[in-house]
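Below is one structure, written out as structure tokens, with a few remarks after it.
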Protein chains: 2
Amino acid sequence: MIIIFLTRPSIKVATTIKDIAHALGCSPSTVSRALHDHPQINEDTKKAIRQMAKKMNFQINQVAAGLRKHKTFCIGVIVPSISNYFFSATLSGIQDAASKRQYQVLVCQTNESVVEEERYARALSAGRVDGILLSVSMDSQKHEHLTDLLSQKIPLVLFDRTMDKLDVFKVEAEDYEGSVRVTEHMIKKGCKKIAYLAGPESLINNSRNRLAGYCDALKNNGMAFDKSLMRVCDFDKEKAREAVKELMSQYSDIDGIYAVNDELAVEAILTLKSLGIAVPGQVCVSGFGNYPIAEIVEPQLTTIGHNPYLIGYKAAERIMGEIHRDVSLGNDPRIELVKSSLIERGSTAR
Amino acid sequence: MIIIFLTRPSIKVATTIKDIAHALGCSPSTVSRALHDHPQINEDTKKAIRQMAKKMNFQINQVAAGLRKHKTFCIGVIVPSISNYFFSATLSGIQDAASKRQYQVLVCQTNESVVEEERYARALSAGRVDGILLSVSMDSQKHEHLTDLLSQKIPLVLFDRTMDKLDVFKVEAEDYEGSVRVTEHMIKKGCKKIAYLAGPESLINNSRNRLAGYCDALKNNGMAFDKSLMRVCDFDKEKAREAVKELMSQYSDIDGIYAVNDELAVEAILTLKSLGIAVPGQVCVSGFGNYPIAEIVEPQLTTIGHNPYLIGYKAAERIMGEIHRDVSLGNDPRIELVKSSLIERGSTAR
DNA sequence: CTGAAAGCGCTTACAG
DNA sequence: CTGAAAGCGCTTACAG
């Protein structure tokens, strides 16, 4: 005779509502109600059930509850790059805000690819999350995948890198205002010829707004915008380095360089110094974002602090509000700007 | 007569397997099988079902499928701080690895609080995720919440900040080896009296290993470990600044400072410079981690590159392997060290 | 090759 | 105040 030991699947280990009901001789319905503190359940019954739940180390299975309630208590976040300073700070704000409301956060990174962005949007849309927070990737030229989400009635909020065409709520930094502020600061410091290291020319909102701020600040101060002083560097350090070299060899009288973000601005400082050009003596430099490197580079970088943590926090609050159709979020201006401020440092000290 | 218009709940918008079955006059079972390319389903049937699924923009509801299959296709990650450079790089690796296997990533941050760590561990354990990746918080002094996970048979893998006491798989940087390498490098550069800015003294593994590497490297080179040259700074810049000031006023012959991470090392450089002490002329400085600031500070910081992206990637692969009880992951050494390498820069150039 | 049925763990209208 | 039943969207042994 052969005895075969069948190992049990051993998959299920967690206590369920049924187990508690069984242990107490009541029905699962009652357990569920008691755990939700339903007013019609007898206080003693509740007490007993709560005790047993604790004793059995019961944790409600939110996935199952969610299936039933058409909710997941989970928000999805799609960003171009998690390890980028800006987005990681943003995620931190999102997580803290979500946590406060008992929401979980699903994070996806597209590595700047729309194809990935589309894939994630589809993947999350099928009952994975209750709403989506998204910052578009650099090569986003279309948004069908996003209008798809809307037609499926999935709440969507864009943050930082947004798209004008999409009629959804947006949380942005004061890109335009900040850009005006820092450009005017350079002008005040006596810069007469300010070059601009620009971001990508795609649909991305913030790159365009920063450029607009730079242009307008020049015009407001009687300085014409000169396209030849602008170089599109996307967000690429190498391109910034080349651009600075080119600019300085073509226009020796450039006395200011402003870059779309701190990474490029720091690269500009390093490049200028390697060319033997004094910063800020001959050329002032400013950036945008107040990254950790801005404080470390020498001279320290003048920049715009734009509070990524708060941008994330507000975007998360907004999406959770939309999920709950919470109208108490103000009269829906469709776009919320998070304050940015000028941080004056050595790179423009004169 | 009063007519009341009842607005439909309008919650459900997504197509289900039932809708497809209905549209095609077959059963949901068949639709499910066809979409999973079940071998026993007629090719023509499959084709029709796939077409209809596409036409109706069907996306399988993984949450529902998961409930049935006792899987969520989701891994949970608990880190002390998302916005910290190291962890954000790690998360990036985790996300890419997970994405490759169609897994989603749920991210939680504890803000260095064990209480939060416990809360998240509990929240995720109730059917939220198939496995958990965790880096312990600084004040973790106990681990009942983690052994709880194990008793619930939830796969758990620790990374970077691990705990010796816990018998689970761990993915770590070569903290000890890297620390030996960089300390010996300083000795080779002629440093005779090397101070150490230490990490927290809690259960955290990597802080202890880096200290051990420093001590052993000294001993191996005939230099005694002198406790008075060590200062516990946790991971706090302010403490590092004070420690450096104190050390230099007490021991004017210190000619090297090594810090548990780059953030503190950079702070050391800045402090030394503010004291008028030449780096590396009078004092060499080294760090650990190769953060972005290491390249920007002047002089550039000599450090250990420890590849956080890869640490995250490997930890994610491992947890997914455990979820699938994939034995092909090697013979389970219980701990995987990710190579680290010395990056020589100006701060130790002599 | 296909379908009906049971069930994952929960919630909630409906009865009593 | 409590329970039985139906059902969220899926999967899968069991029948045919």
Side-chain angles (χ1 to χ4, degrees), chain A residues 6 9-49 53 56-74 123 125-130 152, chain B residues 6 8-49 53 56-74 125-130 152:
Chain A
L6 290 171
S10 92
I11 287 175
K12 205 179 79 176
V13 216
T15 315
T16 71
I17 232 167
K18 234 174 170 174
D19 299 330
I20 296 176
H22 187 78
L24 252 37
C26 67
S27 79
S29 325
T30 304
V31 175
S32 173
R33 290 198 186 95
L35 294 173
H36 288 285
D37 204 17
H38 187 108
Q40 279 177 35
I41 299 291
N42 184 332
E43 275 309 321
D44 292 341
T45 313
K46 280 186 190 172
K47 208 171 289 175
I49 288 175
M56 298 176 80
N57 196 24
F58 174 77
Q59 275 292 107
I60 202 163
N61 183 330
Q62 294 293 1
V63 170
L67 181 62
R68 179 56 227 263
K69 296 195 282 186
H70 293 282
K71 291 192 131 289
T72 63
F73 302 101
C74 201
S125 70
R128 265 278 185 222
V129 298
D130 295 338
Q152 291 177 256
Chain B
L6 290 171
R8 275 178 310 171
S10 92
I11 287 176
K12 206 179 79 177
V13 214
T15 316
T16 71
I17 234 167
K18 232 175 172 173
D19 299 329
I20 297 176
H22 187 78
L24 251 39
C26 67
S27 80
S29 326
T30 303
V31 175
S32 173
R33 290 196 186 96
L35 294 173
H36 285 95
D37 204 15
H38 187 107
Q40 278 178 37
I41 300 290
N42 184 331
E43 275 308 321
D44 292 340
T45 313
K46 281 187 189 171
K47 207 169 291 173
I49 288 174
M56 299 177 79
N57 195 25
F58 174 76
Q59 274 292 106
I60 202 163
N61 182 330
Q62 295 294 0
V63 171
L67 181 62
R68 179 55 227 264
K69 296 196 282 186
H70 292 282
K71 290 191 131 288
T72 62
F73 302 101
C74 201
S125 70
R128 264 278 185 222
V129 298
D130 295 338
Q152 289 178 257

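By convention in this document, chain letters (A, B, ...) are assigned in the order of the sequence lines, proteins followed by strands, and residues within each chain are numbered from 1.
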Sequence neighbours excluded and cut-off under 3.5 Å, please list the side-chain donor-acceptor pairs for residues 27-36 of chain B, or say none.
from	atom 1	to	atom 2	distance (Å)
B:Ser27	OG	B:Ser29	N	3.4
B:Ser27	OG	B:Thr30	N	3.2
B:Ser27	OG	B:Thr30	OG1	3.2
B:His36	ND1	B:Ser32	O	2.9

Exercise for review: For atom NE2 of A:His22, decide whether the heavy atoms of other residues, nucleotides or ligands shown that lie under 6.0 angstrom number more than 12.
Suggested key: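 No, because the 6.0 Å sphere around NE2 of A:His22 holds 12 heavy atoms or fewer from other groups.
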Given atom [atom1] of [X] and atom [atom2] of [N], what is their separation to the nearest angstrom?
{"X": "A:His70", "N": "C:dG9", "atom1": "NE2", "atom2": "P", "value": "19 Å"}
{"X": "A:His38", "N": "D:dT2", "atom1": "NE2", "atom2": "C1'", "value": "10 Å"}
{"X": "A:Arg33", "N": "C:dG9", "atom1": "CZ", "atom2": "P", "value": "20 Å"}
{"X": "B:Lys18", "N": "D:dC10", "atom1": "NZ", "atom2": "C1'", "value": "11 Å"}
{"X": "B:Asp19", "N": "D:dG7", "atom1": "CG", "atom2": "P", "value": "15 Å"}
{"X": "B:Ile20", "N": "C:dT2", "atom1": "CD1", "atom2": "P", "value": "15 Å"}
{"X": "A:His22", "N": "C:dC10", "atom1": "NE2", "atom2": "C1'", "value": "19 Å"}
{"X": "B:His36", "N": "D:dG9", "atom1": "NE2", "atom2": "P", "value": "16 Å"}

Practice item. Report the distance from atom SG of A:Cys74 to atom CD of A:Gln62, rounding to the nearest 0.5 Å. Key: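 One gets 10.5 Å once the value is rounded to the nearest 0.5 Å.
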Exercise for review: To the nearest 0.5 Å, tell me how far A:Ile60 CD1 sits from A:Ile17 CD1.
Suggested key: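 If we round to the nearest 0.5 Å, A:Ile60:CD1 and A:Ile17:CD1 are 5.5 Å apart.
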Point to revise | Same-atom distance (C1') from C:dG16 to C:dT12, integer angstrom | key: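 My reading of the C1' atoms in C:dG16 and C:dT12 gives 16 Å.
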Among [options], which nucleotide sits nearest the side chain of [X]?
{"X": "A:Lys69", "options": "C:dG3, C:dT12, D:dG9", "answer": "C:dT12"}
{"X": "B:Gln40", "options": "C:dG3, C:dC1, C:dC10", "answer": "C:dC1"}
{"X": "A:Ser29", "options": "C:dC10, C:dA4, D:dG3", "answer": "D:dG3"}
{"X": "A:Thr16", "options": "D:dT2, C:dA4, C:dC10", "answer": "C:dC10"}
{"X": "B:Ile17", "options": "C:dC14, D:dC10, C:dG3", "answer": "D:dC10"}

Exercise for review: Select from B:Thr45 and B:Leu67 the residue whose nearest nucleotide in DNA chain C is closer to the 5' end of that strand.
Suggested key: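 Here B:Thr45 is the residue nearer the 5' end.
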Practice item. Return the minimal non-hydrogen interatomic distance between A:Asp19 and A:Ala14, and the atom names on each side. Key: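 What the structure gives for the nearest pair is OD2-O, 4.1 Å.
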Review point. Minimum heavy-atom separation for A:Ile41 to A:Thr45, with atom names?
Key: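 Nearest heavy atoms, A:Ile41 then A:Thr45: CG2-CB, 4.0 Å.
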Review point. Counting only side-chain N and O atoms of B:Ser27, is one of them less than 4.0 Å from OP1 or OP2 of C:dG3?
Key: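 Yes, because at least one side-chain N or O of B:Ser27 sits under 4.0 Å from OP1 or OP2 of C:dG3.
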Review point. Under 4.0 Å between a side-chain N/O of A:Ser32 and OP1 or OP2 of C:dC10, yes or no?
Key: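 The answer is no; no side-chain N or O of A:Ser32 sits under 4.0 Å from OP1 or OP2.
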Practice item. Indicate yes or no for a side-chain donor-acceptor contact from B:Lys71 to the backbone of B:Ala65 under 3.5 Å, with no hydrogens or angles considered. Key: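 No, because the side chain of B:Lys71 does not come within donor-acceptor range (under 3.5 Å) of the backbone of B:Ala65.
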**Study point:** Consecutive Watson-Crick or G-U pairs in runs of at least 3, all under 3.5 Å, in which DNA chain C is involved
**Key:**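 Result, WC/G-U stems under 3.5 Å: C:1-3 with D:14-16, C:5-12 with D:5-12, C:14-16 with D:1-3.
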